[in-house]
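Notes follow once the structure below has been shown.
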Amino acid sequence: PCSLHVHTLYTHRHKDKHKDKELRHKEQKKDKEREKVKHSNSEHREHSDKKHRDKDKVKNFDGSGERHREKQDKDKRREEKVCFLKIRFFSGIVFFVLSSVLNYHLFHKHVVIHLVSGCRWEEERATDGSKWRFLEHKGPVLAPPYEPLPGHVRFFYDGKPMKLSAAAEEVATFFAKMLDHEYTTKDIFRKNFYKDWRKEMTSEEKSKITDLTKCNFTEMSEYFKAQSEARKQMSKEEKLKIREENERILQEYGFCVMDNHKERIGNFRIEPPGLFRGRGDHPKMGMLKRRIRPEDIIINCSKDSKHPKPPQGTRWKEVRHDNKVTWLVSWTENIQGSIKYIMLNPSSRIKGEKDWQKYETARRLKKCVDRLRAQYRDDWKSKEMRIRQRAVALYFIDKLALRAGNEKEEGETADTVGCCSLRVEHIKLYPKMDDQEYVVEFDFLGKDSIRYYNKMPVEKRVFKNLQLFLENKQPEDDLFDRLNTSILNKHLQELMDGLTAKVFRTYNASITLQQQLKELTSPEESIPAKILSYNRANRAVAILCNHQRAPPKTFEKSMQNLQTKIDEKQKQLSTARKQLKGAKTEHKASHGDGSKKMVEVKRKAVQRLEEQLMNLQMQATDREENKQIALGTSKLNYLDPRISVAWVKKWDVPIEKIYNKTQREKFAWAIDMAEEDYEF
DNA sequence: GATACGACTTGTATTTAATCGT
DNA sequence: ACGATTAAATACAAGTCGTATC
């Protein structure tokens, strides 16, 4: 079904190509000019430093249009509009109240500048690559300290109770808490856990505990289960108290001040210690994720801000003032040695702007995608192997929305691949399959070890190339041995400013949504039917991007529940219809006012029931079609929200039906910006 | 050009809160 | 008001991509 869908989704492209033929000519001319200008520019700044390049990049995005004179006017107008909208957007965010008089004055000064000169502070921020001018926050919330188990909860070794030291006990509880999880049955998980657990034991414990299978954690596990049960059974007052405490922490630590605005922080809690749960066949699953202390934490904030205080008797690893980055707090995690960050919520200015920028890049790709496609098709014939590989890979990325596929260190992570890291064993070639020719079968594990399976008929030239790439190779050899993401992205960068492999995913997702919405929405259908159409368009994208989910455990049951509801409605409807008929015949006989009213009442009842039945059926279809497909990821990360906003405005669908509260906050910029006629 | 690192986006799983039917 | 579902929020793992370093 996947390949079918993808195929139908992509048929429109051929149509478009004809339409765009003349346009393409123009585009090519423009691009040539652009390249000339770019070339001379690059000569000019041969010795210019990185800062200069950053400057240009930002300017391009902002649409100041220095390079394209013909576009200057249009861009200027857009820029003005954008600035205006930005003011609206950001003034929509709750202004915070500054306590100190000095800050109060500063604040007003900025607002005045802001209003008088449009988004001047924006430009300031953008030109030197800095992300903010002022940043103040309270630092992270540390994980609560370990609370030793009460005396009656025992750990047994080899059938005998054994008191563990605090350190060893804590790690044991991590395992106990996961006892019901499949993880604890996996060999690697157990091995890694045991190895790290031993490191926490006293020498006495080490000599005594020699075999994990002799360890009995059940009493601990039962205790935690009882605890969580008790939490559920708590009285209202107690629950309220906890909620209030959480709210207080949120108010204190959940917000920061960035450039005159109070912004919500995304994750202000430091990850607590526990056992690492990798996805898929992860070689490090079960390892101990150690507790993060203040001494491990780097704070990032303004020099002139009130620095967050470390807990009494401790100190931060470092306090730095780097406004070239957006994070507030960072620490190094001990499993992969990678850095983790505390950053702002998606509703923040800094994230919203970046998101917007992402879709603008995708829209620029839209303008030149035909040229690009023509180019990679041409490259299939290249004399050079590396160019052919590059072209076929790009074709896959474009057509199948595959990820770039960086190389990963072997043995450090689960064995997953993307386009550039595909291996011979991941594809099969079928010169003929059923009634199709030149079919490629993909079967590999992608991000998060989610399986990608698809059969796609390709053009003869691609097929021949693939045969060539496979020659004299072992199954575990790279399919594209002359290619990696760095080479590919460098090439893409030359084709279009800011273009990388992932832009294709954004572009294809958004353009598909727009096209599907156009195709599926019919003007006369009801609101619920329109929502079904929207979800179907969204689904088309999710299928394209391979956003699968395991069918919910209670799926069948909830489907049945819905069906019984539908049956009930149907019964109600048929009785209501009978009553209407009866009322009608009665009215025919009597022609009285009372009977006439009765007919109306019954008619209304039938109408209402019909509507309710329709809605239920719509819901059922939606749910059934959504069984194995997750819409969230594409909605949040790939679909230009302005397409949805425009659609909602065009058909008078309440926006709450498409975006929940959080999503509306994240997409506030788009909701403010897009009108009914927005075109991606 | 290989490699490591840092910053940031994308993605699924789990936990918590809201909603629904009784 | 209550328990069961369902949706939203959170947690954190796993990608992408640019840059520094050798």
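Note that the structure is a prediction, hence the values are computed from the model and not measured. What you see below is based on every heavy atom in this structure, not just the backbone, and it leaves out hydrogens, waters and symmetry mates. Residue numbers start from 1 in every chain, and the chains themselves are labelled A, B, ... in the order their sequence lines are given, proteins ahead of strands.
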Handout entry: Proximal nucleotide (of B:dT9, B:dG11, C:dT6) relative to the A:K354 side chain
Key = B:dT9
Handout entry: Which nucleotide in B:dG11, B:dA7, B:dT14 has an atom nearest any side-chain atom of A:H181
Key =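 Of the options given, the side chain of A:H181 lies nearest B:dT14.
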[X] [atom1] - [N] [atom2] separation (whole Å):
X: A:E182; N: B:dA13; atom1: CD; atom2: C1'; answer: 14 Å
X: A:R482; N: B:dA2; atom1: CZ; atom2: C1'; answer: 17 Å
X: A:E656; N: B:dA18; atom1: CD; atom2: P; answer: 17 Å
X: A:L636; N: C:dA8; atom1: CG; atom2: P; answer: 12 Å
X: A:L344; N: B:dC8; atom1: CG; atom2: P; answer: 10 Å
X: A:D355; N: B:dC8; atom1: CG; atom2: P; answer: 15 Å
X: A:H547; N: B:dT9; atom1: NE2; atom2: C1'; answer: 12 Å
X: A:K666; N: B:dG11; atom1: NZ; atom2: P; answer: 11 Å

Practice task
Would you classify A:R505 as touching base, sugar-phosphate or nothing, given that sugar-phosphate means primed atoms plus P, OP1 and OP2, and contacts are heavy atoms under 4.0 Å?
Solution key: sugar-phosphate
Exercise for the section: Please work out if A:R623 contacts a base, only the sugar-phosphate, or nothing of the nucleic acid, heavy-atom cut-off 4.0 Å. Expected result: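 Touches sugar-phosphate only.
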Examine [N]: is either OP1 or OP2 under 4.0 Å from a nitrogen or oxygen in the side chain of [X]? Give yes or no.
X: A:T633; N: B:dT12; answer: yes
X: A:K661; N: B:dA18; answer: no
X: A:Y638; N: B:dG11; answer: yes

Handout entry: Which atom of A:N323 lies closest to which atom of A:W132, heavy atoms considered
Key =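 Shortest heavy-atom contact: ND2-O, 3.0 Å.
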Exercise for the section: Name the residue closer to the 5' end of DNA chain B, choosing between A:N246 and A:N637 according to the nucleotide with the nearest heavy atom. Expected result: A:N637
Practice task
Between A:T326 and A:E409, just flag the one whose closest nucleotide in DNA chain B comes earlier from the 5' side.
Solution key: A:E409
Handout entry: Test item: A:H321 side-chain N/O and A:C301 main-chain N/O as donor-acceptor pair under 3.5 Å
Key =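 Yes; judged by distance alone, with no hydrogens or angles, the pair exists.
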What pairs with [X] under side chain to side chain donor-acceptor pair (under 3.5 Å), at least two apart in sequence or on another chain?
X: A:K340; answer: A:E271
X: A:E412; answer: A:K284
X: A:E656; answer: none
X: A:D640; answer: A:R642, A:Y678

Provide a list of protein-nucleic acid N or O atom pairs under 3.5 angstrom, restricted to nucleotides 19-22 of chain B.
residue: B:dG21; atom: OP1; partner: A:K565; partner atom: NZ; Å: 3.4

Exercise for the section: Would you please name every residue forming a salt bridge (Lys or Arg N to Asp or Glu O under 4.0 Å) with A:E409, sequence neighbours left out? Expected result: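 Scan of A:E409 (salt bridge (Lys or Arg N to Asp or Glu O under 4.0 Å), adjacent residues dropped) gives none.
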Problem - Set of residues satisfying salt bridge (Lys or Arg N to Asp or Glu O under 4.0 Å) with respect to A:D481, sequence neighbours excluded - result: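 Testing A:D481 for salt bridge (Lys or Arg N to Asp or Glu O under 4.0 Å), a comparison that skips the adjacent residues, returns A:K473.
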Exercise for the section: Indicate for each nucleotide in nucleotides 10-17 of chain C, in 5' to 3' sequence, whether protein heavy atoms under 4.0 Å reach the base (B), only the sugar-phosphate (S), or nothing (-). Expected result: SSSSBSBB
Handout entry: Results of side chain to side chain contact (heavy atoms under 4.5 Å, CB included) for A:A226 - residues two or more places apart only
Key = none
Practice task
Walk me through it: do A:S644 and A:Y534 pass the test side chain to side chain donor-acceptor pair (under 3.5 Å)?
Solution key: CA-CA 9 Å; A:S644 302; A:Y534 180 89; 2.7 Å; yes
